[in-house]
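On a predicted model such as this, the values are computed, not experimentally measured, just so you know. Note that the numbering runs from 1 along the sequence shown for the chain.
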Amino acid sequence: MRNTFKTLLLALPLVMAAFSASAADSAVGRWKTIDDKTGKVKSIVEISQAANGTLSGKVVEVLHSDKGPNPVCDDCSGANKGKPVKGMTILWNLKQDKGSTTEWSGGTVLDPANGKTYKSKLELQPGGKKLDMSGCVAFICRAQTWVRE
């Protein structure tokens, strides 16, 4: 029993290192969204991976909003119109780029501040602590760098 416990203690750092490395290689997790105009942390978005491998992101916390502590998406259309931003899926259907472990594209991002949707791309930066997110309509793009929580 004593040797088994000792072996487990010795193996723990290796297991933790492997877990940290896999987390650093994935966009899955909680991200602070940084406003590209003001530099303020606006919200926490949790990115998850579906069974089919696509990524989606949901607002789990609103930290700063010009519309108060519990903003709703007044300018959204369809099912999101007038719905609270907290709990809203704002990023969906991102697929990992072929041959890449750090880039996803082909998805859509919703900007709850104006209700518009954009084609989206994600790129995980080396070390896994920053995520570049961009949304484009035609040739007009906006980009933000999100920071892992």
Side-chain angles (χ1 to χ4, degrees), residues 8 11-149:
L8 286 173
L12 188 59
L14 296 174
V15 171
M16 294 303 288
F19 177 76
S20 295
S22 65
D25 293 341
S26 174
V28 172
R30 292 170 57 103
W31 297 91
K32 296 179 199 174
T33 66
I34 313 295
D35 188 286
D36 54 313
K37 294 175 183 163
T38 66
K40 291 182 180 179
V41 177
K42 292 181 75 169
S43 64
I44 304 296
V45 171
E46 186 166 9
I47 296 179
S48 58
Q49 185 171 5
N52 66 2
T54 61
L55 299 181
S56 63
K58 180 187 288 192
V59 177
V60 293
E61 261 183 86
V62 176
L63 303 172
H64 180 268
S65 171
D66 295 336
K67 297 180 180 181
N70 299 305
V72 296
C73 196
D74 292 325
D75 296 324
C76 286
S77 59
N80 284 331
K81 179 138 186 88
K83 298 285 181 171
V85 173
K86 183 177 180 178
M88 186 176 288
T89 297
I90 62 161
L91 189 64
W92 61 90
N93 207 33
L94 283 146
K95 297 168 193 74
Q96 194 162 28
D97 290 353
K98 198 169 195 161
S100 175
T101 59
T102 59
E103 295 180 30
W104 295 262
S105 61
T108 303
V109 63
L110 166 68
D111 182 350
N114 62 23
K116 294 181 181 178
T117 58
Y118 305 89
K119 290 182 181 181
S120 61
K121 287 178 25 174
L122 296 177
E123 183 176 356
L124 190 65
Q125 295 303 306
K129 294 187 181 188
K130 291 186 177 182
L131 184 68
D132 291 337
M133 195 285 303
S134 64
C136 300
V137 172
F139 297 107
I140 301 170
C141 297
R142 282 182 57 196
Q144 294 180 343
T145 298
W146 295 358
V147 177
R148 194 177 293 275
E149 186 180 50

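- With sequence neighbours left out, the side chain to side chain contact (heavy atoms under 4.5 Å, CB included) criterion links Lys119 to no other residue.
- The distance from atom CD1 of Ile34 to atom NZ of Lys42, rounded to the nearest 0.5 Å, is 11.0 Å.
- Counting only residues at least two apart or in different chains, disulfide (SG to SG under 2.5 Å) contacts with residues 96-149 comprise Cys136-Cys141.
- Glu123 contributes atom CD, which lies 10.0 Å from atom OG1 of Thr145 (distance to the nearest 0.5 angstrom).
- Two residues are said to be in side-chain contact when any heavy atoms from C-beta on lie closer than 4.5 Å; Leu124 and Trp104 meet this criterion.
- Contact detail for Val28 and Arg148: the closest heavy-atom pair is O-NH1, 3.1 Å.
- Residues in residues 87-117 take part in no disulfide (SG to SG under 2.5 Å) pair, two or more places apart or across chains.
- Residues Ile90 and Pro112 share a closest heavy-atom pair of CG2-CG, 3.9 Å.
- A search for side chain to side chain donor-acceptor pair (under 3.5 Å) contacts involving Trp146 returns Gln144, not counting sequence neighbours.
- Among residues at least two apart or in separate chains, side-chain hydrogen bond (donor to acceptor under 3.5 Å, both in side chains) pairs with a member in residues 44-53 are Asn52-Thr54.
- Judged by distance alone, with hydrogens and angles left aside, the side-chain atoms of Gln125 form no donor-acceptor pair with the main-chain N or O of Lys129 at under 3.5 Å.
- Within a 6.0 Å sphere centred on NZ of Lys81, other residues, nucleotides and ligands contribute more than 12 heavy atoms.
- Remark: Asp132 engages no residue in a salt bridge (Lys or Arg N to Asp or Glu O under 4.0 Å) (not counting sequence neighbours).
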Just list the side-chain donor-acceptor pairs under 3.5 Å for residues 56-80, sequence neighbours left out, or say none.
from: Glu61; atom 1: OE2; to: Arg30; atom 2: NH2; distance (Å): 3.3
from: His64; atom 1: NE2; to: Lys40; atom 2: NZ; distance (Å): 3.4
from: Ser65; atom 1: OG; to: Lys67; atom 2: N; distance (Å): 3.0

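- Qualifying salt bridge (Lys or Arg N to Asp or Glu O under 4.0 Å) partners for Lys121, counting only residues two or more places apart in sequence or in other chains: none.
- Within the structure, every pair that satisfies the salt bridge (charged side-chain N to carboxylate O under 4.0 Å, His left out) test and touches residues 85-112, not counting sequence neighbours, is listed here: Asp111-Arg142.
- The stretch residues 82-121 participates, sequence neighbours left out, in no disulfide (SG to SG under 2.5 Å) pair at all.
- The two residues Thr102 and Gln96 make their nearest non-hydrogen contact at N-NE2, 4.3 Å.
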For Ile47 and Leu91, what are the C-alpha separation, side-chain angles and deciding distance, and is it a side chain to side chain contact (heavy atoms under 4.5 Å, CB included)?
CA-CA 8 Å; Ile47 296 179; Leu91 189 64; 4.2 Å; yes

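- By the side chain to side chain donor-acceptor pair (under 3.5 Å) test, Ser120 pairs with no residue at all, sequence neighbours left out.
- Here disulfide (SG to SG under 2.5 Å) pairs that include residues 85-126, with residues two or more places apart or in two chains, number zero.
- Side chain of Ser43 to backbone of Thr33: no donor-acceptor contact under 3.5 angstrom is found.
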